[in-house]
Each structure stands twice: as structure tokens, then as C-alpha cells.
> 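Can you keep this structure in mind? I'll have questions shortly.
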Amino acid sequence: MTPLFVVLAALAIALVLLHMGRGLWAWIVPGAMLLGAWAWKGSGSSVAFACVAIPFVILAFVFGVAAIRRTLVTPHVLRMLAPIFPKMSDTERTALDAGTVWWDAELFSGNPNWKKLIDFTPRPLSDEERR
């Protein structure tokens with residue numbers, strides 16, 4: 001196998017996986033392919049290979065296992081991003097506390113369950129609500 005073929009195959013697999021919405025696998029699989037080709041060809045230093053392969057495996061493990069990622073990465077990233085995010089206004093808080101948004105969420109999900117939307121029957125107003 002030529003190195004160019006391996007790189008092009010890894011790139012093609014990455015693009016297919018990205019198109020399928022598999023972002024994590026889109027860098028793990030091609031990276032593993034490239035590392036495997038490097039190890040199979042046996043060219044270069046084993047120290048250089050280890051310096052690339054070990055961090056790759058650690059990053060794949062940390063970002064691939066949700067429980068580890070939530071413990072080690074997410075809190076620190078959210079703490080750094082918190083000052084950037086806008087504060088929630090009173091109007092937004094009231095809207096969120098008012099109830100669910102299942103209808104809008106279903107409708108704008110990109111793949112709504114039309115049967116669920118059509119079968120919905122509103123509850124009658126209570127006496128207090130009518131007053």
C-alpha cells in the first residue's frame with residue numbers, strides 16, 4: 001500500500017463518518033488507520049511512533065468514554081465558556097418555567113412525528129382558567 005492511498009482512504013472514511021454524524025469516530029478510525037499503516041510499514045523510529053500513538057490512544061479514550069469526558073473535560077470547558085454565554089433574562093426564565101415546548105421541539109426537529117402532532121387533543125380549560 002502506498003502512503004498516498006492510505007491517506008486518501010483515511011480522508012474518505014473521515015468524510016463518510018462526518019456525513020453520518022459520527023464526529024468522534026471520524027478522527028479515531030482514520031487516525032488508527034494511519035497509525036496502523038505506520039506500524040505495518042515499520043519505517044522510522046519506534047520512539048516517534050510511541051510519541052504519537054500514546055497521546056492518540058489517551059485522547060481517544062478520554063473523549064470516547066462519556067463518563068470520563070464528563071468528569072475530566074466538560075466541567076473545565078464549561079467553566080471557561082460561562083463568562084462568554086449571555087445571562088438568561090427574566091422573560092426567558094418565565095418562558096422556560098411556563099411549561100413544555102414539546103410541540104415546537106417536535107415540529108422543528110427535522111423529523112417530526114406527525115401522528116403524535118395530529119393525534120394531540122387539547123385539554124379543556126378549568127373553571128379558574130375560563131374566569
> Can L17 be reached from L11 by stepping across I, L, V, M, F, W or Y side chains whose heavy atoms are under 4.5 Å apart?
no
> I28, L72: one ILVMFWY side-chain cluster at the under-4.5 Å cut-off?
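Linked, I28 and L72 end up in one cluster.
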> Are any side-chain N or O atoms of R69 and backbone N or O atoms of V62, one a donor and one an acceptor, separated by less than 3.5 Å?
no
> Which pair of non-hydrogen atoms, one from K116 and one from E106, has the smallest distance, and what is that distance?
NZ-OE1, 3.8 Å
> Look at the side-chain heavy atoms of Ile, Leu, Val, Met, Phe, Trp and Tyr, link any pair under 4.5 Å apart, and say whether F61 and V29 land in one connected group.
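F61 clusters together with V29.
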> Any carboxylate oxygen within less than 4.0 angstrom of a Lys/Arg side-chain nitrogen, looking at R93 and D90?
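D90 and R93: not salt-bridged.
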> Locate the shortest heavy-atom distance separating A14 from A26; write the atom from each residue and the value.
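Where A14 meets A26 most closely, the heavy atoms are CB-O, 3.4 Å.
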> Same hydrophobic cluster for I13 and L24, using side-chain heavy-atom links shorter than 4.5 Å among ILVMFWY?
yes
> Could you report the tightest heavy-atom contact between S45 and V47, atom names first, then the distance?
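The pair with the smallest heavy-atom distance is OG-N, 3.0 Å.
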> Do you reckon V16 sits in the same ILVMFWY cluster as W25, going by side-chain contacts under 4.5 Å, direct or chained?
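Different clusters: V16 never reaches W25 through Ile, Leu, Val, Met, Phe, Trp or Tyr contacts under 4.5 Å.
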> Can you establish whether the number of heavy atoms outside R70 located under 6.0 Å from its atom CZ is more than 12?
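No, not enclosed.
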> What I'd like to find out is whether the side chain of L117 reaches to under 4.5 Å of the side chain of P112, using heavy atoms alone.
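Result yes, sub-4.5 Å side-chain heavy-atom pair found.
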> Below 4.5 Å, heavy atoms only, C-beta onward: do V6 and W38 meet side chain to side chain?
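Not in contact.
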> Starting at CD1 of I54, measure out to CZ of F49 and round the result to the nearest 0.5 Å.
9.0 Å
> How long is the span from the CD atom in E129 to the CZ atom in R123, to the nearest 0.5 Å?
8.0 Å
> Can you confirm whether L59 sits close enough to W27 that some side-chain heavy atom of one is under 4.5 Å from a side-chain heavy atom of the other?
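Heavy-atom side-chain distance check passes, below 4.5 Å.
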> I'd like to know whether NE2 of H76 has more than 12 heavy-atom contacts from other residues, nucleotides or ligands below 6.0 angstrom.
yes
> I'd like to know whether CZ of F63 has more than 12 heavy-atom contacts from other residues, nucleotides or ligands below 6.0 angstrom.
no
> A side-chain contact here means heavy atoms from C-beta on lying under 4.5 Å apart; do F120 and P122 qualify?
yes
